[in-house]
Amino acid sequence: MRVLRSVSLLVCACLIAGALLSCASPSGKEPQEPKTQAKSYYEYFDTVSTVLSYAGDSADTFYANCDAVSEILQEYHRLLDIYYEHTGINNLKTVNRNAGVAPVKVDRKLIDFLLYAKEIYALTNGATNIAMGSVLKLWHDAREKGIDDPQHAYLPSDSDLAEAAKHTDINSLVIDEAAGTVFLTDPLMRLDVGAIGKGYATERAAELLIARGVSAYVLNIGGNIRAIGAKTSGRGWSTGITNPDKTAGKEFVCTVEIKDTSLVTSGDYERYFVVGGVRYHHIIDPKTNQPAAYFSSVSVQTKDGGLADALSTALFCMSYEEGLALINGIGGVEVVWVGKDGTVKLTNGITRPEG
Ligand code: AMP
Ligand code: MG
């Protein structure tokens, strides 16, 4: 448990839904690994982003790689922001503001992201739907107010939710690739990309690092983990799946070993508010317009960090059987489901650390 101890502490502190752990070798002897380097950023996606190098590269090389990651995260942070506009660009806030008004000229990167979000909608049968912004806003506002002033916590009314749900048709998101524009044809529709934005941006950062010839790096973007390559020993990184039950006295439900892959968790235990003693979390089932009631957490391991993020939200909004059918149809996707009663189900391909 010697190697990476200080780094794992640093990373654990920042994680939302998982933790990189130190990893003992089966023999108890650690293979000689280069010194770990880590750099964190606090300004993107309202979370902590950490770049970790296990490659033994020079400080200059490491910081140049960090700068490249930071630049791309900043770019996506600005493009995908639904709360603020940023000087010199049209972003999702601009697109939302122009719903029913006019097409908005946007960067090609935003077009590609929105095309991907549409693919995800189709792939998940609408379970992950970025066009649900009007419904999600009702929950978001209730949550913010309920956290600020618990005495007056309230739930969005069924009638408000039903009305908002009329304005969530993904086909009202019209993308004109030739003109480079995006238009929400429904004036009351809003985009909310919280379910996939961070994972998509993480994958773009990983792509950039790979193009720079990087291996043995780990990106941890607010708990979305993307491992690039493996450690010098060929082993992966041991990663804890957080126990949603904070009273259980057990921090992780299990650990998985990841190399050259992503691991993303959606859970009910981090962002929630309480009304009448009942917890209401932030992942909304489009079938009911209520917080999804199937699991406490769902973790997805697959190579692409954008897909892992999109699927973790989608699988959180469907039964185990539906989820299994979905991932079997995709391939290359491993899952850990943690039920409301603490039951843990894993797919067969999940790699557990040896020893
Ligand atoms: P995640 O933690 O990746 O599962 O994403 C949760 C966030 O995605 C929420 O905070 C909302 O902004 C948004 N969201 C919640 N439910 C859905 C859904 N069914 N489809 C799309 N976005 C959602
Ligand atoms: Mg997600």
Side-chain angles (χ1 to χ4, degrees), residues 15-18 45-47 80-83 92-93 96 113-114 116-144 146-147 156 161 164-165 167-170 173 189-203 221-226 241-242 244 262-273 280-302 304-319 322-323 326-327 333 335-338:
L15 283 187
I16 289 172
F45 302 107
D46 206 14
T47 191
L80 304 183
D81 198 339
I82 61 168
Y83 297 107
L92 288 184
K93 166 86 178 170
N96 277 342
F113 170 80
L114 293 171
Y116 183 71
K118 281 193 174 236
E119 277 176 38
I120 288 298
Y121 178 92
L123 184 74
T124 63
N125 304 314
T128 300
N129 179 12
I130 65 157
M132 271 174 72
S134 52
V135 170
L136 295 172
K137 186 174 185 319
L138 292 172
W139 283 105
H140 177 268
D141 291 352
R143 187 171 68 246
E144 298 274 290
I147 291 170
L161 286 169
H167 306 282
T168 58
D169 181 356
I170 194 81
L173 163 59
M189 190 169 107
R190 297 291 180 271
L191 301 179
D192 178 323
V193 299
I196 58 174
K198 227 168 34 164
Y200 185 90
T202 305
E203 192 59 27
I221 313 298
N224 283 27
I225 296 179
R226 174 59 156 102
I241 305 281
T242 298
S262 301
L263 184 72
V264 177
T265 297
S266 287
D268 67 2
Y269 51 90
E270 292 285 351
R271 284 161 67 192
Y272 62 84
F273 66 115
Y280 293 85
H281 65 77
H282 69 301
I283 304 171
I284 305 303
D285 184 342
K287 301 188 294 298
T288 60
N289 298 314
Q290 296 290 321
Y294 299 95
F295 304 104
S296 278
S297 78
V298 178
S299 301
V300 172
Q301 183 193 334
T302 194
D304 185 298
L307 182 63
D309 197 1
L311 286 179
S312 70
T313 309
L315 294 176
F316 196 86
C317 292
M318 61 184 76
S319 69
E322 287 170 304
L326 175 62
I327 60 161
V333 180
V335 182
V336 180
W337 290 269
V338 183

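Indexing begins at 1, ligand by ligand and atom by atom, following the structure's order. All values below were derived from every heavy atom in this structure, side-chain atoms included, with hydrogens, water molecules and symmetry-related copies excluded.
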- Message: How about NZ on K118, more than 12 heavy atoms from neighbouring residues, nucleotides or ligands closer than 6.0 Å, or not?
- Response: yes
- Query: Does an N or O from P286, backbone or side chain, lie closer than 3.5 Å to an N or O of ligand 1?
  - Reply: no
- Counting heavy atoms under 4.0 Å, the part of K198 that contacts ligand 1 is neither
- Please indicate whether any nitrogen or oxygen in N129 is less than 3.5 Å from any nitrogen or oxygen in ligand 1. yes
- Item | ligand 1 N/O within reach of A195 N/O, cut-off under 3.5 Å | yes
- Message: A quick test of your reading: do over 12 heavy atoms of other residues, nucleotides or ligands sit less than 6.0 Å from CG of D169?
- Response: yes
- Message: As an exercise, identify every atom of ligand 1 less than 4.0 angstrom from a heavy atom of I283.
- Response: 4 (O), 15 (C), 16 (N)
- Do ligand 1 and S266 have nitrogen or oxygen atoms that lie under 3.5 Å from each other? yes
- Hey, is the main chain of R190 close enough, under 3.5 Å, to the side chain of N96 for a donor-acceptor pair? no
- Can you sort out which atoms of ligand 1 are near D309, meaning under 4.0 Å from one of its heavy atoms? 3 (O)
- For atom 1 (P) of ligand 1, what is the nearest protein heavy atom, given as residue, atom name and distance? T313 OG1, 3.3 Å
- Task: Identify, for atom 12 (O) of ligand 1, the protein heavy atom at the shortest distance, and state residue, atom and that distance.
- Result: D192 OD1, 2.9 Å
- Task: Find all atoms of ligand 1 within a distance of less than 4.0 Å from any non-hydrogen atom belonging to T128, and give their numbers and elements.
- Result: 20 (N)
- Message: So, 2.8 Å as the limit: is an N/O/S atom of A195 located closer than that to the Mg ion (ligand 2)?
- Response: yes
- Query: Between the side chain of H140 and the main-chain N/O of G133, is any donor-acceptor distance below 3.5 Å?
  - Reply: no
- Task: Using a 4.0 Å heavy-atom threshold (strictly under), name the region of M132 that reaches ligand 1: side chain, backbone, both or neither.
- Result: side chain
- Which of the numbered atoms in ligand 1 are below 4.0 angstrom from a heavy atom of G194? 3 (O), 5 (O), 7 (C), 8 (O), 12 (O)
- Message: A side-chain contact here means heavy atoms from C-beta on lying under 4.5 Å apart; do I130 and L114 qualify?
- Response: yes
- Message: Whether the side chain of K287 engages the backbone of C317 through a donor-acceptor N/O pair (distance < 3.5 Å, no angle test) should be reported.
- Response: yes
- Task: Among all protein heavy atoms, pick out the one at the shortest distance from atom 2 (O) of ligand 1; state its residue, atom name and that distance to 0.1 Å.
- Result: H282 NE2, 3.5 Å
- Query: Is T313 close to I196 at the side-chain level, that is, under 4.5 Å between some pair of heavy atoms?
  - Reply: no
- Task: Before signing off on this row, confirm whether D285 and ligand 1 have an N or O atom pair separated by under 3.5 Å.
- Result: no
- Query: Do any of the N/O/S atoms of T313, backbone or side chain, fall under 2.8 Å from the Mg ion (ligand 2)?
  - Reply: yes
- side-chain contact (heavy atoms from CB on, under 4.5 Å), paired with P156, selected from N289, V135, L138: L138
- Query: With a cut-off of 4.0 Å, which atoms of ligand 1 are near a heavy atom of R271?
  - Reply: 10 (O)
- Note on the structure: Logged contact type for A127 with ligand 1, heavy-atom cut-off 4.0 Å, is backbone
- Message: Counting only heavy atoms, tell me which of T265, I284, L136, D268 gets closest to atom 14 (N) of ligand 1.
- Response: L136
- Run the side-chain contact (heavy atoms from CB on, under 4.5 Å) check on D192 and K137 step by step: do they pass? CA-CA 9 Å; D192 178 323; K137 186 174 185 319; over 6 Å; no
- Task: For the residue pair L161 and Q290, establish whether any side-chain heavy-atom pair is separated by less than 4.5 Å.
- Result: yes
- Heavy-atom closest contact (A292 atom, F316 atom, distance): CB-O, 3.4 Å
- Heavy-atom side-chain contact between S134 and T168 under 4.5 Å: yes
